[in-house]
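What you see is a predicted model; the values in this text were computed from it and never measured.
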Amino acid sequence: MKKILLIISLLALVQTTSYSFQLIESVSESEDPRRGIAISEEKFDCFKTLQCLMKEAPLNIRNLNDIRLTSNRMDRIQVNGSTDKIRMEAVYNGEGDLIQSTVVQRNIALPRSITTQLVTGEFGSWQIIGNELTVENFDKKTMRYKVILKRGEDVKIEYFDSKGEIQNHFS
């Protein structure tokens, strides 16, 4: 009975998700490309269960080009969604709890700790031309920023953790 209710709830999620995404405003293309729509860090906990996703619809994005709920087995539900700025892949168990996920967000507003690093010291003469945030399992501790910088003809990539500290590699 519990699995039947979960499947019915998931179908309701699919039907209401598209509508919910359309109700939320997106960032205009004419705005600063470093800013953009994002999955809010404050909402990470809600992404850890399908029940919260269905109840609160915490995605602050307007037009998902592709969102799918698939289940080859009754004990796993996969949720995939993407826009031009966000790609989300998540797998939930039959109870609706998160098993694993990866979210990649491109060209979003960087935290102040990172922008401070970029405008001072060795990065002061470089221009930010893009960035990417990767988050595993909606865990704030796994947030990793990739920042693409340009100075003249030179392009380089720097990696930062969520505290703005430069990272040489990721584990």
Side-chain angles (χ1 to χ4, degrees), residues 1-27 29 34-111 113-114 130-148 157 159-165 167-171:
M1 181 68 172
K2 200 174 201 181
K3 288 186 181 193
I4 292 171
L5 289 175
L6 181 61
I7 291 171
I8 291 169
S9 297
L10 289 174
L11 290 174
L13 173 66
V14 170
Q15 292 173 341
T16 59
T17 300
S18 297
Y19 180 70
S20 298
F21 294 149
Q22 292 172 6
L23 292 177
I24 301 170
E25 292 186 12
S26 68
V27 173
E29 293 297 312
R34 290 172 293 179
R35 299 189 55 82
I37 54 181
I39 294 176
S40 171
E41 182 179 336
E42 292 79 31
K43 302 289 184 172
F44 281 178
D45 285 341
C46 190
F47 282 90
K48 293 182 180 180
T49 67
L50 282 175
Q51 290 80 3
C52 186
L53 282 178
M54 290 184 287
K55 182 179 177 187
E56 296 189 22
L59 290 168
N60 62 343
I61 53 181
R62 181 177 178 185
N63 296 315
L64 271 183
N65 298 326
D66 182 22
I67 185 162
R68 297 181 307 281
L69 291 175
T70 58
S71 180
N72 296 341
R73 304 172 0 198
M74 292 299 290
D75 62 342
R76 294 176 76 91
I77 298 120
Q78 187 166 347
V79 179
N80 297 314
S82 65
T83 69
D84 60 336
K85 294 185 184 280
I86 299 174
R87 180 179 45 83
M88 181 180 92
E89 298 171 355
V91 178
Y92 296 86
N93 66 19
E95 302 298 314
D97 298 319
L98 182 69
I99 296 172
Q100 70 181 46
S101 71
T102 301
V103 176
V104 177
Q105 301 180 85
R106 287 177 227 63
N107 298 323
I108 62 171
L110 293 170
S113 58
I114 294 175
N131 68 62
E132 187 173 278
L133 166 63
T134 302
V135 181
E136 301 293 330
N137 300 323
F138 301 105
D139 182 352
K140 295 175 188 178
K141 295 176 199 165
T142 69
M143 295 174 66
R144 302 292 183 248
Y145 293 85
K146 171 182 170 182
V147 180
I148 305 164
I157 297 174
Y159 295 92
F160 297 87
D161 65 14
S162 61
K163 296 175 185 171
E165 296 177 14
Q167 303 292 299
N168 294 327
H169 66 282
F170 298 110
S171 52

- Item | Member of Ile114, Ile108, Ile157 meeting the side chain to side chain contact (heavy atoms under 4.5 Å, CB included) criterion with Asn131 |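 The residue from Ile114, Ile108, Ile157 that satisfies side chain to side chain contact (heavy atoms under 4.5 Å, CB included) with Asn131 turns out to be Ile108.
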- Item | Pairing residues for Gln100 by the side chain to side chain contact (heavy atoms under 4.5 Å, CB included) criterion, not counting sequence neighbours |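 Checked Gln100 against side chain to side chain contact (heavy atoms under 4.5 Å, CB included); matches are Val91, Asn137.
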Value rounded to 0.5 Å, distance of [atom1] in [X] from [atom2] in [Y]:
X: Asp45; Y: Leu98; atom1: CG; atom2: CG; result: 11.0 Å
X: Asp161; Y: Met143; atom1: CG; atom2: CE; result: 10.0 Å
X: Ile86; Y: Gln105; atom1: CD1; atom2: CD; result: 4.5 Å
X: Met88; Y: Thr102; atom1: CE; atom2: OG1; result: 11.0 Å
X: Lys48; Y: Ile99; atom1: NZ; atom2: CD1; result: 14.5 Å

- With Asp97, which residues qualify under salt bridge (charged side-chain N to carboxylate O under 4.0 Å, His left out), at least two apart?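 Residues passing salt bridge (charged side-chain N to carboxylate O under 4.0 Å, His left out) with Asp97: none at all.
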- How would you list, by chain and number, every residue that makes a salt bridge (charged side-chain N to carboxylate O under 4.0 Å, His left out) with Glu136, sequence neighbours excluded?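 With neighbours one apart ignored, the set is empty.
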- Determine the minimum heavy-atom distance between Phe44 and Phe138, stating which atoms define it.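 Looks like CB-O, 3.4 Å.
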- Item | Over all atoms of both residues, closest heavy-atom pair of Arg87 and Glu89 |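 Nearest heavy atoms, Arg87 then Glu89: NH1-OE2, 3.5 Å.
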- Item | Sidechain-backbone polar pair: Gln51 side chain, Glu95 backbone, donor-acceptor under 3.5 Å |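 Judged by distance alone, yes, a pair lies under 3.5 Å.
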- Query: Mind checking whether Tyr145 and Pro111 have side chains closer than 4.5 Å, heavy atoms only?
  - Reply: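 Side chain of Tyr145 against side chain of Pro111, heavy atoms only: contact under 4.5 Å found.
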